[in-house]
Structures are given as structure tokens and as C-alpha cells.
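Note that the structure is a prediction, hence the values are computed from the model and not measured. Throughout, numbering of the chain's residues begins at 1 and tracks the sequence.
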Amino acid sequence: QVQLVESGGGLVQAGDSLRLSCAVAGRTFRTYAMGWFRQAPGKERQFVAAISWRGDSTYYIDSVKGRFTISRDNAKNTVYLQMNSLKPDDTAVYYCAADREPLRARLQAVSYEYNYWGQGTQVTVSS
């Protein structure tokens, strides 16, 4: 059974930083791309960032470019999302997800291309 467990969320002020972690168990982690999504109250789930299975390619939505950094440690089966200069608009539940296909070259930005999800971690940014 594949499990993804996020941690690191919390309540911070605008301009602060947080680092989210997602530990993966039950799958050959290093052969799958990983993504982070977020969902704010009353809104649809939104893609945030993705990283290739090798860790040599990343992709971000425009609103987080230059502020967020996705990374992975294949030895620890963990993917991270470093979030700097946080804004109130970043407030959401953040989910990590695993690509449905192994060794895929192209990063995916739609939720249906990911078949395993964590339970989510709340990030709240106050102004």
C-alpha cells in the first residue's frame, strides 16, 4: 500500500517561510515524478509545483515562481516544498501527489495524472 504523509504546515505571517515535507512509503519513490497541489476554501485544487523523478527538472505555476522551491531526496523517499515570502493568497491545504507513470520525462500539472495523494497539510498566512 502506497502512503504519502505531508508535514510542516502551520500559521505564519506574510513574508515568512515554511518548508513542507512529504514522506512516501510503499512505492519505488525514485522512479516517479512528484507534485504539490493546493486547495483554498471554496476553490478547486490547484497545481503548484512538480519535480522529475531524477530531480533535475522542475515546474511551477507563475504565482509561486521565485518564492517556492520543490526538491526531493530519493535516499529518504521525501519530497519538499520550500515556501518563502508567503502571502495571504498562499493560504490553502497543500497536498503532495505521485505521478501515475514511472520514469515519465514530461512533468504533469493536472491532478488526474497523479494517482496517489497525501492527506494534506494546512498552510495559513495572515496579513
Side-chain angles (χ1 to χ4, degrees):
Q1 183 178 358
V2 179
Q3 287 189 319
L4 284 70
V5 180
E6 300 102 334
S7 60
L11 171 63
V12 297
Q13 293 187 332
D16 286 349
S17 299
L18 279 175
R19 188 174 84 152
L20 306 183
S21 300
C22 173
V24 181
R27 174 180 254 193
T28 310
F29 173 77
R30 65 187 65 204
T31 61
Y32 289 85
M34 297 292 295
W36 284 97
F37 289 73
R38 65 187 179 185
Q39 188 165 18
K43 295 187 177 181
E44 294 187 353
R45 190 167 296 189
Q46 178 189 42
F47 169 80
V48 176
I51 187 166
S52 61
W53 60 276
R54 283 198 180 111
D56 57 354
S57 179
T58 57
Y59 179 56
Y60 302 90
I61 54 169
D62 287 346
S63 61
V64 308
K65 283 180 182 177
R67 299 189 298 121
F68 290 12
T69 303
I70 188 171
S71 62
R72 65 190 297 158
D73 185 339
N74 284 346
K76 296 182 177 179
N77 283 11
T78 301
V79 62
Y80 305 97
L81 186 67
Q82 177 67 43
M83 305 186 295
N84 298 329
S85 302
L86 282 161
K87 304 175 180 179
D89 284 349
D90 295 319
T91 295
V93 177
Y94 283 72
Y95 300 89
C96 68
D99 195 332
R100 64 172 58 251
E101 293 185 14
L103 306 176
R104 184 143 58 170
R106 185 173 180 176
L107 295 175
Q108 305 299 314
V110 289
S111 59
Y112 59 77
E113 293 293 351
Y114 294 81
N115 62 343
Y116 289 104
W117 295 79
Q119 81 288 350
T121 185
Q122 176 71 47
V123 173
T124 303
V125 184
S126 63
S127 58

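- Nearest heavy-atom pair across D56 and S52 is OD1-OG, 2.8 Å.
- E6 has its side chain out of reach of Y94: every pair of non-hydrogen atoms, C-beta onward, lies at least 4.5 Å apart.
- Side-chain contact of Q82 with R19: a donor-acceptor pair under 3.5 Å is absent, judged by distance alone.
- Summarising the geometry, atom CG belonging to D99 is positioned 8.5 Å from atom CG belonging to L107; distances are rounded to the nearest 0.5 Å.
- The CG atom of N77 sits 9.0 Å away from the CZ atom of R72 when rounded to the nearest 0.5 Å.
- Note that R45 lies outside the cation-pi zone of F37, set by a 6.0 Å cut-off to the ring centre and a 45° limit from the axis.
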Full working for side-chain contact (heavy atoms from CB on, under 4.5 Å) between D90 and F68:
CA-CA 11 Å; D90 295 319; F68 290 12; 3.9 Å; yes
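- Of all non-hydrogen atoms in S85 and S17, the two that sit nearest each other are N-OG, 4.3 Å.
- When the options L81, T121, V64 are evaluated for a side chain to side chain contact (heavy atoms under 4.5 Å, CB included) with R38, the one that passes is V64.
- Enclosure of atom CZ in R106 is not indicated, since only 12 or fewer non-hydrogen atoms of other residues, nucleotides or ligands lie within 6.0 angstrom.
- Nearest heavy atom pair, residue A49 against residue Y60, reads CB-CD2, 3.6 Å.
- There is a path of hydrophobic side-chain contacts, each under 4.5 Å, that joins L20 to Y95.
- Atom CZ of F47 sits about 9.0 Å away from atom CD of Q108, to the nearest 0.5 Å.
- Placement of V5 and V123 in two distinct hydrophobic clusters is found when ILVMFWY residues are connected by side-chain heavy-atom separations under 4.5 Å, directly or transitively.
- Of all non-hydrogen atoms in A14 and S127, the two that sit nearest each other are CB-CA, 4.4 Å.
- Remark: D62 engages K65 in a salt bridge, criterion side-chain N to carboxylate O under 4.0 Å.
- The CE atom of M83 sits 9.5 Å away from the CZ atom of R67 when rounded to the nearest 0.5 Å.
- Remark: the backbone N or O of E44 is not paired with any side-chain donor or acceptor of Q46 at under 3.5 angstrom.
- Between R104 and E113 the shortest side-chain heavy-atom distance falls below 4.5 Å.
- Chaining together hydrophobic side chains whose heavy atoms lie under 4.5 Å apart places L103 alongside W53.
- Here the CG atom belonging to L4 is positioned 12.0 Å from the OH atom belonging to Y114, to the nearest 0.5 angstrom.
- Here T91 contributes atom OG1 and L11 contributes atom CG; the two are 8.5 Å apart, rounded to the nearest 0.5 Å.
- Across N74 and F29, no two heavy atoms sit closer than the pair OD1-CE2, 3.0 Å.
- Hydrophobic clustering (side-chain heavy atoms under 4.5 Å, transitive across Ile, Leu, Val, Met, Phe, Trp, Tyr) groups Y116 together with V93.
- In this structure the side chain of V79 reaches within 4.5 angstrom of the side chain of I70, judged on heavy atoms.
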